[in-house]
Amino acid sequence: MACFLSFTVFTLYFTHFSIFFNTIDGVFIEEVVENIAIKRDDKMTHLHFYFHDIVGGKNPSVVRIAGPPDSFIGNFGNTMMADDPLTEGPKPTSKLVGKAQGLYAMAAQNDLALLMVMNFVFLEGKYNGSSISILGRNAVLNDQREMPIVGGNGLFRFARGYALAHTISADPSTGDAIVEYNAYVRA
């Protein structure tokens, strides 16, 4: 009986009371005191601009970096690196407000859907030098597509939100496209 009682007390102690004595030494969960002040208003910003994907011509803003040899640009696996202009209006001669830098890949075998990995870097006004990062699926044939905003820098540090894309024009012979973006960013 005494042995059973000792075992019970011992078990209760280590199962119920030892939680008070646990210490966490892992660097992966270390609390960090911010040495750099971060202004956190956490307000919603609406950005409206036009994305110009220039595949053809003498001065393309996109180049193919991977994919099946001798394939059409829209074929599965083709991967493009972009440095596309972002403008205030839909015309290519509109005021430049930023650059879309990153890559997109033809990610669907039976559909025209892209994997977008893009930074939209802004070059105008109070957002000059700030950027938002988009990572998501872009089903190109849908009238309106929604992609997540997963981060940013500058005034958009710790950004989150979504971007709505709507194709204004697309030239199937060259692959050139103009896409209207409405981005809703919380930072």
Side-chain angles (χ1 to χ4, degrees), residues 36 38-67 72-74 78-107 112-187:
I36 301 171
I38 298 174
K39 183 180 177 188
R40 296 293 297 169
D41 293 0
D42 215 29
K43 64 180 178 180
M44 180 71 78
T45 302
H46 173 219
L47 302 166
H48 181 249
F49 51 87
Y50 295 84
F51 172 101
H52 298 267
D53 201 38
I54 307 162
V55 180
K58 294 180 182 179
N59 194 20
S61 62
V62 165
V63 294
R64 190 177 104 166
I65 59 171
F72 171 68
I73 194 170
N78 278 328
T79 304
M80 311 294 281
M81 183 62 68
D83 186 17
D84 289 333
L86 301 175
T87 62
E88 198 171 59
K91 293 184 180 178
T93 56
S94 296
K95 181 179 180 179
L96 183 72
V97 295
K99 300 289 264 182
Q101 298 170 328
L103 57 90
Y104 59 86
M106 305 307 166
L112 190 54
L114 309 174
L115 165 64
M116 303 281 291
V117 182
M118 286 279 180
N119 288 314
F120 290 172
V121 183
F122 300 102
L123 307 170
E124 189 61 35
K126 80 178 201 176
Y127 300 113
N128 186 16
S130 297
S131 70
I132 57 174
S133 299
I134 292 181
L135 172 65
R137 184 174 193 266
N138 184 349
V140 176
L141 298 179
N142 291 354
D143 181 48
Q144 185 161 305
R145 289 91 64 196
E146 180 178 329
M147 291 166 280
I149 295 171
V150 297
N153 75 348
L155 291 177
F156 297 124
R157 185 178 293 152
F158 297 119
R160 62 198 183 285
Y162 63 97
L164 299 174
H166 167 73
T167 302
I168 300 295
S169 68
D171 184 341
S173 63
T174 63
D176 293 358
I178 300 171
V179 181
E180 178 182 26
Y181 271 85
N182 281 288
Y184 298 90
V185 185
R186 188 171 298 279

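Numbering starts at 1 and runs along the sequence shown.
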Testing the basics here: between [X] and [Y], what is the closest heavy-atom pair and its distance to 0.1 Å?
{"X": "Arg157", "Y": "Ala187", "answer": "O-CB, 3.9 Å"}
{"X": "Tyr104", "Y": "Asp53", "answer": "OH-OD2, 2.6 Å"}
{"X": "Thr79", "Y": "Ala105", "answer": "OG1-CB, 3.6 Å"}
{"X": "Ile149", "Y": "Tyr184", "answer": "CD1-O, 3.9 Å"}
{"X": "Pro60", "Y": "Gly57", "answer": "CD-O, 3.8 Å"}

Looking at [Y], is its backbone amide N or carbonyl O close enough to the side chain of [X] to form a donor-acceptor pair, meaning the two atoms are under 3.5 Å apart?
{"X": "Asp176", "Y": "Gly56", "answer": "yes"}
{"X": "Ser130", "Y": "Leu155", "answer": "yes"}
{"X": "Thr167", "Y": "Ser169", "answer": "no"}
{"X": "His166", "Y": "Val179", "answer": "no"}
{"X": "Ser61", "Y": "Ile54", "answer": "yes"}
{"X": "Asp171", "Y": "Ser173", "answer": "yes"}
{"X": "Asn78", "Y": "Phe72", "answer": "yes"}
{"X": "Asn153", "Y": "Ser131", "answer": "yes"}

Taking the side chain as C-beta and beyond, is there a heavy-atom pair between [X] and [Y] under 4.5 Å?
{"X": "Tyr162", "Y": "Met147", "result": "no"}
{"X": "Val140", "Y": "Leu114", "result": "yes"}
{"X": "Thr174", "Y": "Val55", "result": "no"}

Take Phe120 and Ile134, measure what side-chain contact (heavy atoms from CB on, under 4.5 Å) needs, and give me the verdict at the end.
CA-CA 8 Å; Phe120 290 172; Ile134 292 181; 3.5 Å; yes

Pairwise distance [atom1]([X]) to [atom2]([Y]) - rounded to 0.5 angstrom:
{"X": "Leu115", "Y": "Leu103", "atom1": "CG", "atom2": "CG", "answer": "7.0 Å"}
{"X": "Arg64", "Y": "Met80", "atom1": "CZ", "atom2": "CE", "answer": "8.0 Å"}
{"X": "Asn119", "Y": "Ile132", "atom1": "CG", "atom2": "CD1", "answer": "9.0 Å"}
{"X": "Met116", "Y": "Arg145", "atom1": "CE", "atom2": "CZ", "answer": "8.5 Å"}

Scan residues 90-105 for pairs that pass salt bridge (Lys or Arg N to Asp or Glu O under 4.0 Å), counting only residues two or more places apart or in two chains.
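Residue pairs passing salt bridge (Lys or Arg N to Asp or Glu O under 4.0 Å), neighbours aside: Asp83-Lys99, Lys95-Glu124.
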
Just to verify, what does Asn182 make a side chain to side chain donor-acceptor pair (under 3.5 Å) with, not counting sequence neighbours?
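Asn182 satisfies side chain to side chain donor-acceptor pair (under 3.5 Å) with His46 only.
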
Among all residues two or more places apart in sequence or in another chain, which pass the side chain to side chain donor-acceptor pair (under 3.5 Å) test with Tyr127?
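None.
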
Evaluate the ring planes of Tyr181 and Phe49, with Trp represented by its six-membered ring, and classify them as parallel (under 30°), tilted (30 to 60°) or perpendicular (over 60°).
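Geometry flag for Phe49 against Tyr181: parallel rings.
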
For side-chain contact (heavy atoms from CB on, under 4.5 Å), just list the numbers for Thr87 and Val97, CA-CA rounded to whole Å, side-chain angles, deciding distance to a tenth of an Å, and then say yes or no.
CA-CA 5 Å; Thr87 62; Val97 295; 5.6 Å; no

Report the C-alpha separation of Tyr50 and Ile168 in whole Å, then their side-chain angles, then the decisive distance to 0.1 Å, and conclude whether the side-chain contact (heavy atoms from CB on, under 4.5 Å) test is met.
CA-CA 9 Å; Tyr50 295 84; Ile168 300 295; 4.1 Å; yes

Apply side-chain contact (heavy atoms from CB on, under 4.5 Å) to residues Gln101 and Val121 and explain how you reach the verdict.
CA-CA 7 Å; Gln101 298 170 328; Val121 183; 3.6 Å; yes

Glu88 and His48: side-chain hydrogen bond (donor to acceptor under 3.5 Å, both in side chains), yes or no, with the steps?
CA-CA 8 Å; Glu88 198 171 59; His48 181 249; over 6 Å; no

